[in-house]
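Structure first, commentary second.
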Amino acid sequence: MTEEIRHHRRASLSRATSESKVDLTLDLDGTGESEVSTGVRFYDHMLASFAKHSLIDLTVTASGDVDVDAHHTVEDVAIVLGDALREALGDKHGISRFGDATVPLDEALVQAVVDVSGRPYCVHTGEPEGQVYVAIGGDSGPAYTGSLTRHVFETLAFHAQIALHVRVLSGRDPHHLVEAQFKAFARAFRDAVAIDPRETGVPSTKGSL
């Protein structure tokens with residue numbers, strides 16, 4: 001059963017609008033390899049970090065109106081990533097369902113909790129006042145604005161159909177604050193989608209997720 005599940009937990013999706021074009025492929029049962037190019041260098045770094053710590057193989061190629069700002073491209077990649085995660089999970093047979101991780105990055109500390117519930121919900125709390133206005137990177141392309149972090153997680157939760165709680169417990173450096181969130185989400189999601197050898201069906205009393 002496990003080998004059959006592993007073989008099928010993949011997805012390849014594309015999305016094109018007047019604002020962006022996104023091509024994305026992932027394998028839930030990979031080794032964390034990634035090739036990411038969105039035109040927003042800091043976002044590339046965050047997605048590569050997500051892949052590495054979730055052990056999801058991830059390839060993303062995106063082009064968009066980054067001459068306006070990073071928002072459309074960041075959002076549209078999150079839409080496609082969420083849709084692909086949902087597709088790769090299939091009927092969620094045999095998964096652990098819940099994941100909880102607390103991850104430090106120097107002075108920053110973040111907890112993320114995931115329920116692969118089929119009911120999208122996102123709670124995002126604890127960022128320091130002013131984090132939403134911070135611009136990270138931008139020397140060789142558009143900056144990543146701190147306000148995008150919550151938007152990415154809300155978008156992922158909605159499109160992947162998961163419940164996601166992200167709590168920033170402490171932190172000061174804007175880069176660390178964002179990266180710790182992506183790493184904590186990665187580790188929590190990794191545990192939630194892991195195959196539980198004792199689970200013979202779908203982990204829900206309803207019989208479906």
Side-chain angles (χ1 to χ4, degrees), residues 8-28 30 32-54 56-90 112 114 116-124 127 130-164 166 174-175 177-179 181-183 185-186 189 193:
H8 288 95
R9 299 209 311 172
R10 301 172 182 167
S12 294
L13 295 178
S14 297
R15 183 176 189 267
T17 71
S18 61
E19 296 171 343
S20 73
K21 183 178 188 302
V22 180
D23 297 296
L24 185 148
T25 299
L26 62 80
D27 181 352
L28 293 184
E33 296 295 319
S34 65
E35 294 182 18
V36 181
S37 177
T38 67
V40 184
R41 294 291 303 279
F42 182 75
Y43 193 38
D44 294 351
H45 176 38
M46 294 302 98
L47 293 174
S49 184
F50 167 72
K52 181 67 174 178
H53 295 286
S54 64
I56 293 173
D57 288 346
L58 179 65
T59 302
V60 183
T61 304
S63 58
D65 56 358
V66 293
D67 56 316
V68 177
D69 69 9
H71 185 100
H72 295 149
T73 299
V74 169
E75 176 183 52
D76 290 350
V77 169
I79 288 171
V80 179
L81 177 56
D83 288 343
L85 291 172
R86 185 180 76 249
E87 180 176 312
L89 279 164
V114 170
V116 184
S117 60
R119 298 184 306 277
Y121 206 94
C122 182
V123 177
H124 182 275
E127 285 188 338
Q131 174 71 9
V132 294
Y133 304 112
V134 172
I136 305 172
D139 291 340
S140 58
Y144 176 99
T145 306
S147 61
L148 289 171
T149 306
R150 176 184 290 186
H151 189 47
V152 166
F153 289 131
E154 288 174 339
T155 302
L156 282 173
F158 181 83
H159 284 269
Q161 295 187 358
I162 63 175
L164 171 62
V166 177
H175 184 135
L177 284 163
V178 180
E179 186 170 350
Q181 291 179 65
F182 275 86
K183 286 179 176 177
F185 170 58
F189 190 80
V193 303

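Everything quoted here is computed from the prediction, not taken from an experiment. All values below come from the heavy atoms of this structure, side chains included, with hydrogens, waters and symmetry mates left out. Note that the numbering runs from 1 along the sequence shown for the chain.
- Note that the CD atom of Glu87 and the CZ atom of Arg10 stand 13.0 Å from one another [nearest 0.5 Å].
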Quiz: residues 78-85 side-chain donor-acceptor pairs under 3.5 angstrom, not counting sequence neighbours:
unit_1 : atom_1 : unit_2 : atom_2 : d
Asp83  : OD1    : Arg86  : NH1    : 3.2
Asp83  : OD1    : His159 : ND1    : 2.9

Let's go through Leu156 and Leu164 carefully: what are the C-alpha distance in whole Å and the side-chain angles of both, what is the deciding distance for side-chain contact (heavy atoms from CB on, under 4.5 Å) to 0.1 Å, and is it a yes or a no?
CA-CA 9 Å; Leu156 282 173; Leu164 171 62; 5.5 Å; no
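- Not a single side chain to side chain donor-acceptor pair (under 3.5 Å) links Thr145 to another residue, sequence neighbours left out.
- Smallest separation of non-hydrogen atoms from Ser14 and Asp23: OG-OD1, 2.5 Å.
- Arg9 contributes a side-chain N or O that, together with a main-chain N or O of Val193, makes up a donor-acceptor pair within less than 3.5 Å.
- The CG atom of Asp76 sits 12.0 Å away from the CG atom of Leu24 when rounded to the nearest 0.5 Å.
- Residues Ala48 and Val36 come closest through the heavy atom pair N-CG2, 4.4 Å.
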Test side-chain contact (heavy atoms from CB on, under 4.5 Å) on Glu127 and Leu177 and set out the steps.
CA-CA 8 Å; Glu127 285 188 338; Leu177 284 163; 5.7 Å; no
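- Side-chain contact between Ile56 and Phe189: present, with at least one pair of heavy atoms (C-beta onward) separated by less than 4.5 Å.
- With a 6.0 Å radius and a threshold of 12 heavy atoms from other residues, nucleotides or ligands, Glu19 has its CD atom above the threshold.
- In this structure Ala143 satisfies the side chain to side chain contact (heavy atoms under 4.5 Å, CB included) test together with Ala135, sequence neighbours excluded.
- Proximity of His151 to Glu75: side-chain heavy atoms (C-beta onward) are separated by under 4.5 Å at one or more points.
- Taking Arg41 as the reference, nothing meets the salt bridge (Lys or Arg N to Asp or Glu O under 4.0 Å) condition, with sequence neighbours excluded.
- Ring orientation note: the planes of Phe42 and His45 are nearly perpendicular, at an angle over 60° on the 30°/60° scale.
- Under the 4.5 Å side-chain criterion, counting only non-hydrogen atoms from C-beta, Met46 is in contact with Glu179.
- Taking the six-membered ring where the residue is Trp, Phe50 and Phe185 present parallel rings, their angle staying beneath 30° rather than reaching 60°.
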From CA spacing to verdict: side-chain contact (heavy atoms from CB on, under 4.5 Å), Tyr43, Thr73:
CA-CA 10 Å; Tyr43 193 38; Thr73 299; 5.7 Å; no
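- Side-chain contact between Leu89 and Val116: present, with at least one pair of heavy atoms (C-beta onward) separated by less than 4.5 Å.
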One pair to check against side-chain contact (heavy atoms from CB on, under 4.5 Å): Arg150 and Val132. What are the steps and the verdict?
CA-CA 9 Å; Arg150 176 184 290 186; Val132 294; over 6 Å; no
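- In terms of the salt bridge (Lys or Arg N to Asp or Glu O under 4.0 Å) criterion, Arg119 has no residue partners (sequence neighbours excluded).
- Heavy-atom minimum distance, Pro174 versus Val134: CB-CG1, 3.6 Å.
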Identify all side-chain donor-acceptor contacts of residues 60-71 below 3.5 Å with residues at least two apart in sequence or on another chain.
unit_1 : atom_1 : unit_2 : atom_2 : d
Asp65  : OD1    : His72  : ND1    : 3.2
Asp65  : OD2    : His72  : ND1    : 2.8
Asp69  : OD1    : His71  : N      : 3.0

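- Residues Val178 and Gln131 meet the side-chain proximity criterion, which asks for heavy atoms closer than 4.5 Å.
- When atom types are taken as modelled, the side chain of Asp57 and the backbone of Leu26 share no donor-acceptor pair closer than 3.5 angstrom.
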